[in-house]
**Student:** 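This is the structure I have questions about; it appears just below.
These numbers were taken from a predicted model, which means no experiment stands behind them. Both backbone and side-chain heavy atoms feed into the values below; hydrogens, waters and symmetry mates do not. If you read the sequence from its start, that first residue is 1, and numbering goes on from there.
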Amino acid sequence: MIENVLIGQFIDASSIFHRLDPRSKLISLFCIIIAFLLIDNISGYILASLLVVGCITLSQIPLRFFLKGLKPILIILAFTVFYHILFTKGENLLFQYSVLSIYKESIIEGFSIVLRIFLLVLITSLLTLTTKPLDLAHGFEILCKPLKRLRFPVEQFSLMLAITLRFIPTIVMELDKIIEAQKARGVNFENKSFVKKVLSYIPIIVPLLFTSIQRAENLANAIDARAYGDGSGRTHYKVLHFENRDYQVIGISLLVVGVFSC
C-alpha cells in the first residue's frame with residue numbers, strides 16, 4: 001500500500017526540480033493550479049497535459065510511479081464522473097429513460113473535471129516527491145512570514161505541515177503491518193462483498209488509531225524535551241537562496257497563467 005501513496009514521499013534524484021528552492025516550487029505550483037482552474041476548452045487540457053508530462057519527464061521519476069499513486073482516488077474520480085452525468089443538464093439529449101436523462105454536455109463536463117483533478121494531483125505530487133518535508137516546511141514558513149503581523153502562528157503551522165508530510169508514509173506502513181498481522185490470524189479481506197469488506201477493516205482502524213495517538217504523544221514529548229516552544233526565533237541549518245533557475249521557473253509559471261487566462 002505504501003507504493004500507492006504519493007504525498008509525503010521523497011525520491012532522491014538529480015533533476016532540476018530537486019535542485020530548485022522550495023519557495024520557487026511553492027510559488028510555481030500556486031500559479032499552475034490557478035492556470036489549470038482557468039481551463040475551459042480542449043486545447044487548454046491538451047496543453048496542461050503536455051505540461052504535466054514534461055514536468056514528470058524532467059523530474060526523472062518514472063511515470064508508472066505516479067500512476068500507481070492515483071489508485072486511491074479512482075473511486076472519487078469515478079463518483080465525480082457519474083455524478084455529473086446523472087445530475088448535470090444540457091441541451092443535447094443522448095439518452096432518456098424514466099427520470100434518467102443523459103446529456104452530451106454532462107459527459108463532457110464530468111470527464112473534463114476528472115481530467116483537471118487528475119492533472120492537479122500529478123503536479124501537486126511532483127512537489128512532495130522532489131522536495132524533502134523539512135525543506136518544504138521551511139520554504140512555506142518563509143513565504144508566510146508576512147502573516148505574523150496578523151498573529152498567524154507561522155512557525156507552528158509549518159511544523160505541523162512538516163510532521164504531517166513526514167508521517168503519512170509512516171502511518172501507511174503501520175497500516176500494512178496491521179493488515180499483515182490480521183491476515184496471519186486468518187482474516188480474509190478478499191472475496192467478500194463491499195459491506196463485509198468494509199466491516200472487516202474495523203479491527204484494523206482501532207489499533208491504527210491507538211498507535212497513531214501513541215506516536216503523536218511521543219513526538220509531543222520529544223518536542224517539549226528539546227524546548228521547541230512556539231518556534232519563533234528558531235534558526236535553520238540550511239539557508240535558502242534564490243538562484244537564476246528559480247527566477248526562471250517562476251517566470252515560466254507566470255507565463256503559463258497568462259497563456260491559460262487568454
Side-chain angles (χ1 to χ4, degrees), residues 4-7 15-18 20-97 99-131 136 140 143 245-262:
N4 297 332
V5 177
L6 291 181
I7 298 178
S15 71
I16 182 174
F17 289 106
H18 289 79
L20 287 174
D21 189 289
R23 294 171 294 175
S24 63
K25 285 189 274 190
L26 285 169
I27 296 172
S28 301
L29 176 64
F30 179 75
C31 294
I32 291 175
I33 289 176
I34 293 177
F36 285 2
L37 294 177
L38 296 174
I39 300 175
D40 58 356
N41 52 59
I42 188 171
S43 60
Y45 284 106
I46 294 175
L47 288 175
S49 301
L50 293 175
L51 175 63
V52 172
V53 172
C55 290
I56 292 176
T57 303
L58 291 175
S59 69
Q60 300 179 4
I61 299 174
L63 180 60
R64 64 179 182 273
F65 187 85
F66 288 89
L67 297 179
K68 278 185 178 181
L70 290 171
K71 290 182 179 179
I73 66 170
L74 288 179
I75 297 178
I76 299 176
L77 297 179
F79 175 79
T80 303
V81 171
F82 285 114
Y83 175 83
H84 283 277
I85 291 176
L86 296 176
F87 296 103
T88 302
K89 304 298 181 182
E91 297 179 355
N92 300 313
L93 182 63
L94 297 179
F95 175 80
Q96 187 174 16
Y97 178 77
V99 296
L100 176 63
S101 300
I102 298 177
Y103 297 86
K104 177 182 178 181
E105 290 81 4
S106 63
I107 297 176
I108 295 175
E109 183 176 351
F111 280 99
S112 62
I113 291 178
V114 166
L115 179 57
R116 184 177 298 175
I117 295 174
F118 181 82
L119 295 175
L120 287 173
V121 170
L122 288 178
I123 201 69
T124 305
S125 302
L126 185 62
L127 172 67
T128 57
L129 288 171
T130 59
T131 313
L136 187 60
F140 180 82
L143 290 176
R245 57 173 175 260
D246 296 297
Y247 293 109
Q248 293 170 359
V249 168
I250 294 175
I252 293 173
S253 62
L254 293 174
L255 181 62
V256 169
V257 175
V259 170
F260 283 99
S261 62
C262 295

**Student:** Nearest 0.5 Å, what's the OG-CD1 distance between Ser112 and Ile117?
**Tutor:** 9.5 Å
**Student:** Considering the options Thr131, Asp21, Leu143, which one meets the side chain to side chain contact (heavy atoms under 4.5 Å, CB included) requirement together with Leu26?
**Tutor:** Leu143
**Student:** What's the spacing between Leu255 CG and Cys31 SG if we round to 0.5 Å?
**Tutor:** 11.0 Å
**Student:** List the steps, then state whether side-chain contact (heavy atoms from CB on, under 4.5 Å) holds for Ser15 with Leu58.
**Tutor:** CA-CA 6 Å; Ser15 71; Leu58 291 175; 5.9 Å; no
**Student:** Is the backbone of Ser125 close enough, under 3.5 Å, to the side chain of Thr128 for a donor and an acceptor to pair up by distance?
**Tutor:** yes
**Student:** Which atom pair, heavy atoms only, marks the closest approach of Gly44 to Phe260?
**Tutor:** O-CE2, 3.2 Å
**Student:** Count the heavy atoms of every other residue, nucleotide or ligand shown that sit under 6.0 Å from CG of Leu50, and state whether that count exceeds 12.
**Tutor:** yes
**Student:** Any heavy-atom pair between the side chains of Ile34 and Phe30 that's under 4.5 Å?
**Tutor:** yes
**Student:** For the side chain to side chain contact (heavy atoms under 4.5 Å, CB included) test, which of Asp246, Val249, Leu20 pairs with Ser28?
**Tutor:** Val249
**Student:** Do Ile123 and Cys55 have side chains that approach each other closer than 4.5 Å (heavy atoms only, starting at C-beta)?
**Tutor:** yes
**Student:** Hey, what do you get for CD (Glu109) to OG1 (Thr80), rounding to the nearest 0.5 Å?
**Tutor:** 11.0 Å
**Student:** To the closest 0.5 Å, what do you measure between CG (Leu37) and CD1 (Ile32)?
**Tutor:** 12.0 Å
**Student:** What pair of heavy atoms forms the shortest contact from Ile39 to Ala48, and how long is it?
**Tutor:** CD1-CB, 3.6 Å
**Student:** Which distance, rounded to the nearest 0.5 Å, do you find between the CG of Leu129 and the CD1 of Ile61?
**Tutor:** 4.5 Å
**Student:** Identify which one of Leu120, Leu119, Thr57 satisfies the side chain to side chain contact (heavy atoms under 4.5 Å, CB included) criterion when paired with Val52.
**Tutor:** Leu119
**Student:** Can you tell me how far OG1 of Thr130 sits from CG of Leu136, rounded to the nearest 0.5 angstrom?
**Tutor:** 9.0 Å
**Student:** Around atom OH of Tyr45, are there more than 12 heavy atoms of other residues, nucleotides or ligands at under 6.0 Å?
**Tutor:** yes
